[in-house]
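Written out below as structure tokens is the structure these notes cover.
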Protein chains: 2
Amino acid sequence: MKRYPHTSRILVALDCIVFGFDGSQLKVLLIKRNFAPEKGKWSLLGGFLDHDEDMNDAGNRILYELTGLKNIYFEELKTFSGVNRDKVERTISVCHFALINIHAHNPDAVKSKNAYWYTLQSLPDLIFDHREMVDLALQKLRYKAALHPIGFELLPPQFTLPQLQKLYEAIYNEKLDRRNFSRKIISTHLLIDTGQKNEGGQTKKAILYALDKHKYQKQFNAFHYFISGFGTSA
Amino acid sequence: MKRYPHTSRILVALDCIVFGFDGSQLKVLLIKRNFAPEKGKWSLLGGFLDHDEDMNDAGNRILYELTGLKNIYFEELKTFSGVNRDKVERTISVCHFALINIHAHNPDAVKSKNAYWYTLQSLPDLIFDHREMVDLALQKLRYKAALHPIGFELLPPQFTLPQLQKLYEAIYNEKLDRRNFSRKIISTHLLIDTGQKNEGGQTKKAILYALDKHKYQKQFNAFHYFISGFGTSA
DNA sequence: TACAAAATGTGTCAAACTGACACAATTTTA
DNA sequence: TAAAATTGTGTCAGTTTGACACATTTTGTA
């Protein structure tokens, strides 16, 4: 047999919400689409699944082309499969989201592809169902970061507790109690005190921590409840 | 423009792990594949995405054809996209899992399609990557049922606390403390005491509860921590 | 008919955790 | 040199958790 009978073949795309954190705000990487239709409009990072690659290959390829980064944290979110979501031809899109250290990506690659970082509050109009994808990705990020140490993927290798707290406050758009947050993070034993303090700081210098990668991987699926009150019935 | 240039179109399938609970064991619905290749071998419930339906339509169609049930709980798990996972032609499969009340499905429809319920301990060999899908689905069910009131989908409309506990014990394959489990479930306020007791029981008759559907939907995304110790670093 | 056996419903208690809040130490700046 | 901003750590009452005991109900059987 060469093909299955009575079936229809369609295009499979991969779109990805790339999150970054600049120290005070959560940002999303958007790209100016350079082919028709909707050429020149804002879109998520994406591409078509090639005949000789699986989804993981495609994700790595697409993320590498734009950011110059390998081994990026990304995970699958949902398949968007509306019949008319692309007017040219039937295309389903497997939506992913990625978390990167915003200071580590290659700004030249980003610029040359006409990509820019947008805050969630100032997103431009997006093509197709990409806005829906962003909303879902934020929802998933909030869910997952409340339970698992996923937030560290958005920070540089060394960071302070106040920086980590600012990240969580940006993700949930709410203030957290400094003392309780600190207690929670320290009690995970996921952080290693580097013995150093952050330079260029203001007022009191904070301790620089690094992630204990071994414990991080081992405990990744453990529940941590980083955010109190998140997920309650309210 | 009629089509995107330099792209490859592929088949999109939907496969679904259908879970059921017979009162003591967690079971999976498997089907004898009735077309080549691998005809006659065991497979998950599945089908191809048609040109005029989205993934949700396809899932409902496929589940209805086999079980005779509508409004089944099902959710997307992951897209399996290995290049050679189907030898006939490139096919990606969007894997889902479904939870049904095992006593509500249409046994004639199931029988006529050559489908049977298997326990997780006695699964036959499955085609393609379907075994991997089952393992992932069980993992996801365990994860989700520990946090959200998803387990009720596997029970009849009225059930007792001991029945609910047996379900959780089957899902996690471990014994739970009856008193602490009861306290946890009652404290969610998701159950309504029907005032009735279960008939045909043994020894003491237990209270029959029904799910408070309104609260269930409202609190579905809340965290409940049904299973203590699940997701800890151990 | 009464009693053992099995299963169900509810209660107790110490340990751990949570949320709210106070105080001391460090660094910059006026 | 002192005020202001920021960071690190501690306290304490209220809540939740895990381990465990006891009383009640129903069946079956001596």
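Applying the salt bridge (Lys or Arg N to Asp or Glu O under 4.0 Å) definition to pairs two or more places apart or across chains, none involves residues 108-122 of chain A.
Comparing dG19(C), dG8(D), dC20(D) against the side chain of R178(A) picks out dG8(D) as the nearest. Of the candidate nucleotides dC21(C), dA6(C), dG9(C), dA6(C) has the atom nearest to the side chain of T203(B). For K204(B), the listed nucleotide lying nearest its side chain is dG9(C); candidates were dC21(C), dG9(C), dA21(D).
Between K205(B) and the phosphate of dT27(D), there is a side-chain N or O to OP1/OP2 separation shorter than 4.0 Å. In this model, the phosphate group of dG18(D) is approached by a side-chain N or O of K184(B) to a distance below 4.0 Å at OP1 or OP2. For the pair K197(A) and dT26(C), the criterion of a side-chain N or O lying under 4.0 Å from OP1 or OP2 is not met.
Here the straight-line distance linking atom CZ of F21(A) with atom OH of Y168(A) works out to 11.5 Å at 0.5 Å rounding.
Spacing between atom CG of L208(A) and atom P of dT7(D) amounts to 12 Å, rounded to whole angstrom units. Rounded to whole angstrom, the span from the CG atom of N198(A) across to the P atom of dT6(D) amounts to 13 Å. Whole-Å rounding puts the F226(A) CZ to dT18(C) P distance at 12 Å. At whole-Å resolution of the value, CD1 in I227(A) and P in dT18(C) are 13 Å apart. In this structure, CD of Q165(B) is placed 12 Å from P of dA7(C), rounded to the nearest angstrom. The distance from atom CZ of F181(A) to atom C1' of dT9(D) is 16 Å, rounded to the nearest whole Å. The interatomic distance linking D177(B) (CG) with dT8(C) (C1') rounds to 13 Å, in whole Å. One interatomic measurement links the two molecules: CD1 of I207(A) to C1' of dT27(C), which rounds to 15 Å at whole-angstrom precision.
The pair D57(B)-R61(B) does not count as a salt bridge, with every side-chain nitrogen at least 4.0 angstrom from each carboxylate oxygen.
Taking the nucleotide of DNA chain C with the nearest heavy atom to each of N180(B) and P162(B), the more 5' of the two is matched to P162(B).
Donor-acceptor pairing under 3.5 Å, judged by distance alone, is absent between the side chain of R183(B) and the base of dG11(C). If you check distances only, the side chain of R179(A) does reach the base of dA22(C) with a donor-acceptor pair under 3.5 Å.
The closest side-chain heavy-atom distance from L126(B) to F128(B) is not below 4.5 Å.
Side-chain polar atoms of Y209(A) and Q196(A) form no donor-acceptor pair below 3.5 angstrom.
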